[in-house]
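All values reported here derive from a predicted model rather than from experimental measurement.
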Amino acid sequence: TGIQHISYTVSDINKAVEFFVDKLGLEATPTREVSGERVEKIIGFKDLHMKIANIITPDNGNVELIEYVKPKGTMLELATCNTGVAHLAFTVDDVEKTYQDMLTKGVKFVSPPQWASAGALRGWGICYFRGPDGITMEIMEAPKGVKLHPATGSPLA
(Lines give C-alpha, C1' and ligand atoms only; values in the text may rest on other atoms or scores of the structure.)
Protein backbone atom coordinates (compact mmCIF):
# COMPACT_ATOMS: atom_id res chain seq x y z
CA THR A 1 0.00 0.00 0.00
CA GLY A 2 3.05 2.29 0.24
CA ILE A 3 6.68 2.60 1.21
CA GLN A 4 7.15 2.45 4.99
CA HIS A 5 10.84 3.36 4.98
CA ILE A 6 14.07 3.43 3.04
CA SER A 7 17.15 2.17 4.90
CA TYR A 8 20.87 2.82 4.70
CA THR A 9 23.60 0.96 6.57
CA VAL A 10 26.13 3.38 8.05
CA SER A 11 29.44 2.90 9.84
CA ASP A 12 28.71 5.35 12.68
CA ILE A 13 25.09 6.04 13.65
CA ASN A 14 25.98 9.19 15.61
CA LYS A 15 27.86 10.81 12.70
CA ALA A 16 25.12 9.82 10.26
CA VAL A 17 22.35 11.28 12.43
CA GLU A 18 24.42 14.43 12.94
CA PHE A 19 24.71 14.85 9.15
CA PHE A 20 20.96 14.54 8.56
CA VAL A 21 20.08 16.83 11.47
CA ASP A 22 22.85 19.46 11.37
CA LYS A 23 23.52 19.66 7.64
CA LEU A 24 20.09 18.87 6.20
CA GLY A 25 17.91 20.23 9.01
CA LEU A 26 15.85 17.06 9.38
CA GLU A 27 14.41 15.49 12.54
CA ALA A 28 15.80 12.27 14.02
CA THR A 29 14.32 9.80 16.47
CA PRO A 30 16.45 8.75 19.43
CA THR A 31 18.91 5.99 18.56
CA ARG A 32 17.87 2.59 19.85
CA GLU A 33 19.83 -0.64 20.23
CA VAL A 34 18.31 -3.76 18.74
CA SER A 35 19.26 -7.41 19.25
CA GLY A 36 17.69 -10.74 20.04
CA GLU A 37 16.11 -13.77 18.44
CA ARG A 38 13.27 -11.95 16.65
CA VAL A 39 15.53 -9.58 14.66
CA GLU A 40 18.06 -12.37 14.10
CA LYS A 41 15.28 -14.33 12.36
CA ILE A 42 14.05 -11.31 10.38
CA ILE A 43 17.49 -10.25 9.13
CA GLY A 44 19.23 -13.64 9.06
CA PHE A 45 22.31 -12.99 11.22
CA LYS A 46 23.14 -14.85 14.46
CA ASP A 47 24.22 -12.76 17.46
CA LEU A 48 22.91 -9.62 15.75
CA HIS A 49 23.36 -6.24 17.43
CA MET A 50 22.31 -3.02 15.68
CA LYS A 51 21.89 0.67 16.43
CA ILE A 52 18.96 2.25 14.60
CA ALA A 53 17.72 5.82 14.18
CA ASN A 54 15.02 7.15 11.90
CA ILE A 55 15.19 10.42 9.99
CA ILE A 56 11.84 12.08 9.38
CA THR A 57 11.59 13.98 6.09
CA PRO A 58 9.40 17.09 5.62
CA ASP A 59 6.73 15.01 3.86
CA ASN A 60 6.68 12.51 6.78
CA GLY A 61 8.88 10.00 4.99
CA ASN A 62 11.07 7.70 7.04
CA VAL A 63 14.76 7.09 6.30
CA GLU A 64 16.10 4.38 8.58
CA LEU A 65 19.80 4.44 9.46
CA ILE A 66 21.37 1.24 10.78
CA GLU A 67 24.81 0.68 12.26
CA TYR A 68 25.61 -3.03 12.47
CA VAL A 69 27.63 -3.42 15.67
CA LYS A 70 27.65 -7.21 15.16
CA PRO A 71 28.27 -8.54 12.60
CA LYS A 72 30.40 -5.63 11.42
CA GLY A 73 30.09 -5.06 7.69
CA THR A 74 32.63 -3.89 5.15
CA MET A 75 32.72 -0.64 3.21
CA LEU A 76 31.41 -1.03 -0.34
CA GLU A 77 32.13 1.06 -3.41
CA LEU A 78 29.03 3.29 -3.54
CA ALA A 79 29.47 4.65 -7.07
CA THR A 80 25.94 5.07 -8.39
CA CYS A 81 26.83 3.05 -11.50
CA ASN A 82 27.31 -0.08 -9.34
CA THR A 83 24.43 -2.53 -9.33
CA GLY A 84 22.29 -2.30 -6.22
CA VAL A 85 23.59 1.11 -5.08
CA ALA A 86 20.76 3.51 -4.25
CA HIS A 87 20.54 7.24 -3.76
CA LEU A 88 18.10 9.49 -1.96
CA ALA A 89 16.58 12.57 -3.63
CA PHE A 90 14.99 15.51 -1.80
CA THR A 91 12.78 18.13 -3.41
CA VAL A 92 13.52 21.73 -2.45
CA ASP A 93 11.89 25.07 -3.28
CA ASP A 94 15.13 26.75 -4.39
CA VAL A 95 17.96 24.45 -5.46
CA GLU A 96 20.50 27.28 -5.85
CA LYS A 97 19.84 28.67 -2.34
CA THR A 98 19.80 25.18 -0.80
CA TYR A 99 23.07 24.35 -2.57
CA GLN A 100 24.73 27.52 -1.22
CA ASP A 101 23.38 26.92 2.32
CA MET A 102 24.60 23.32 2.31
CA LEU A 103 28.03 24.35 0.98
CA THR A 104 28.48 26.63 4.01
CA LYS A 105 27.73 23.62 6.24
CA GLY A 106 30.51 21.60 4.60
CA VAL A 107 28.40 19.36 2.37
CA LYS A 108 30.44 17.95 -0.56
CA PHE A 109 28.70 18.24 -3.95
CA VAL A 110 29.45 16.46 -7.22
CA SER A 111 28.69 19.70 -9.11
CA PRO A 112 26.68 22.91 -8.77
CA PRO A 113 22.98 22.65 -9.72
CA GLN A 114 22.34 21.67 -13.32
CA TRP A 115 19.13 22.53 -15.18
CA ALA A 116 17.50 19.99 -17.50
CA SER A 117 16.52 21.66 -20.78
CA ALA A 118 15.01 18.52 -22.32
CA GLY A 119 13.93 15.00 -21.47
CA ALA A 120 11.78 13.51 -18.71
CA LEU A 121 12.89 16.05 -16.09
CA ARG A 122 12.79 19.13 -18.35
CA GLY A 123 12.92 22.28 -16.22
CA TRP A 124 14.22 20.62 -13.04
CA GLY A 125 17.29 21.93 -11.19
CA ILE A 126 19.34 19.01 -9.89
CA CYS A 127 22.60 18.33 -8.06
CA TYR A 128 24.14 15.36 -6.29
CA PHE A 129 25.99 15.43 -2.98
CA ARG A 130 27.62 12.93 -0.64
CA GLY A 131 26.28 12.05 2.78
CA PRO A 132 27.57 9.79 5.54
CA ASP A 133 29.91 7.03 4.32
CA GLY A 134 29.68 8.44 0.78
CA ILE A 135 25.95 7.78 0.35
CA THR A 136 24.79 9.67 -2.74
CA MET A 137 21.96 12.12 -2.22
CA GLU A 138 20.34 14.66 -4.47
CA ILE A 139 18.45 17.94 -4.22
CA MET A 140 15.90 18.77 -6.91
CA GLU A 141 13.83 21.86 -7.69
CA ALA A 142 10.71 21.32 -9.79
CA PRO A 143 9.93 23.67 -12.66
CA LYS A 144 7.48 26.44 -11.77
CA GLY A 145 4.06 26.61 -13.42
CA VAL A 146 4.27 23.16 -15.02
CA LYS A 147 1.85 20.33 -14.28
CA LEU A 148 3.93 17.33 -13.21
CA HIS A 149 3.21 13.63 -12.85
CA PRO A 150 2.85 13.11 -9.07
CA ALA A 151 5.12 10.02 -8.98
CA THR A 152 7.82 10.75 -11.56
CA GLY A 153 7.92 14.55 -11.73
CA SER A 154 7.80 14.38 -15.51
CA PRO A 155 5.94 17.26 -17.18
CA LEU A 156 2.42 16.26 -18.25
CA ALA A 157 1.47 17.13 -21.83
note = The complete set of ring-ring contact (aromatic ring centres under 6.0 Å, His included) pairs with one or both residues in residues 117-157, sequence neighbours excluded, reads H87-Y128, F109-F129

task = Mind running side-chain contact (heavy atoms from CB on, under 4.5 Å) on I55 and L65 for me, showing each step along the way?
result = CA-CA 8 Å; I55 304 299; L65 303 175; 3.7 Å; yes

message = Is it the case that atom CZ in R32 sees more than 12 heavy atoms from other parts of the structure closer than 6.0 Å?
response = yes

ask   = Is E67 salt-bridged to K72, cutoff N-O under 4.0 Å?
value = yes

key: Polar side-chain atom of Q114 near backbone of P112 as donor-acceptor pair, under 3.5 Å   = yes

Point-to-point distance, once rounded to the nearest 0.5 Å, from CD of E64 to OG1 of T9 = 8.5 Å

query = Side-chain contact, heavy-atom cut-off 4.5 Å: V63 with L88?
reply = yes

query = How many angstroms lie between NZ in K51 and OG1 in T31, if you round to the nearest 0.5 Å?
reply = 8.0 Å

key: Heavy-atom side-chain contact between L48 and S35 under 4.5 Å   = no

ask   = Between P132 and K15, is any pair of side-chain heavy atoms under 4.5 Å apart?
value = no

key: Y99 side chain reached by V92 side chain, heavy atoms, under 4.5 Å   = no

ask   = Does S11 offer a backbone N or O that forms a donor-acceptor pair with the side chain of D133 under 3.5 Å?
value = yes

key: Under the salt bridge (charged side-chain N to carboxylate O under 4.0 Å, His left out) test, residues paired with E77 that sit two or more places apart   = none

key: Minimum-distance pair of heavy atoms, taken over all atoms of S111 and C127   = O-CB, 3.5 Å

ask   = Does E141 reach the main-chain N or O of V95 with its side chain, forming a donor-acceptor pair under 3.5 Å?
value = yes

inquiry  = In this structure, would I135 and M140 fall into the same cluster of hydrophobic residues linked by side-chain contacts under 4.5 Å?
reply    = no

query = In the single-linkage hydrophobic clustering (I, L, V, M, F, W, Y; side-chain heavy atoms under 4.5 Å), do I6 and F90 co-cluster?
reply = yes

query = Heavy atoms, side chains only, cut-off 4.5 Å: are R130 and V110 in contact?
reply = yes

task = Might you point out which heavy atoms bring G131 and M137 nearest each other, and give the distance in Å?
result = CA-CE, 3.6 Å

request  = Decide whether I43 and V34 are clustered together by the hydrophobic rule: side chain heavy atoms of Ile, Leu, Val, Met, Phe, Trp, Tyr closer than 4.5 Å, transitively.
outcome  = yes

Side-chain donor or acceptor of T136 paired with backbone N/O of T80 under 3.5 Å = no

message = Assess whether a salt bridge exists between K97 and D101, defined as any Lys/Arg side-chain N lying under 4.0 Å from an Asp/Glu carboxylate O.
response = yes

query = Nearest heavy-atom pair of A116 and L121: which atoms, and what distance?
reply = CB-O, 3.2 Å

ask   = About how many Å separate CG of L103 and NZ of K23, when rounded to the nearest 0.5 Å?
value = 11.5 Å

query = Would a 4.5 Å heavy-atom cut-off, applied to side chains only, mark M50 and F45 as touching?
reply = no

query = N60 versus I56: any side-chain heavy-atom pair under 4.5 Å?
reply = yes

message = Around atom NZ of K147, are there more than 12 heavy atoms from other residues, nucleotides or ligands closer than 6.0 Å?
response = no

message = Can you tell me if D93 has over 12 outside heavy atoms packed within less than 6.0 Å of its CG?
response = no

inquiry  = Can you tell me if I3 has over 12 outside heavy atoms packed within less than 6.0 Å of its CD1?
reply    = no

request  = Output the distance between atom CG (L148) and atom OG (S154), rounded to the nearest 0.5 Å.
outcome  = 8.0 Å

key: same_hphob_cluster(L78, Y68) at 4.5 Å side-chain heavy-atom cutoff   = no

inquiry  = Quick check: do P58 and L26 have side-chain heavy atoms less than 4.5 Å from each other?
reply    = yes

key: From I66 atom CD1 to I52 atom CD1, the distance as rounded to the nearest 0.5 Å   = 4.5 Å

request  = Determine, using the 4.5 Å side-chain heavy-atom cutoff (strictly less than), whether V146 and W115 are members of one ILVMFWY cluster.
outcome  = no

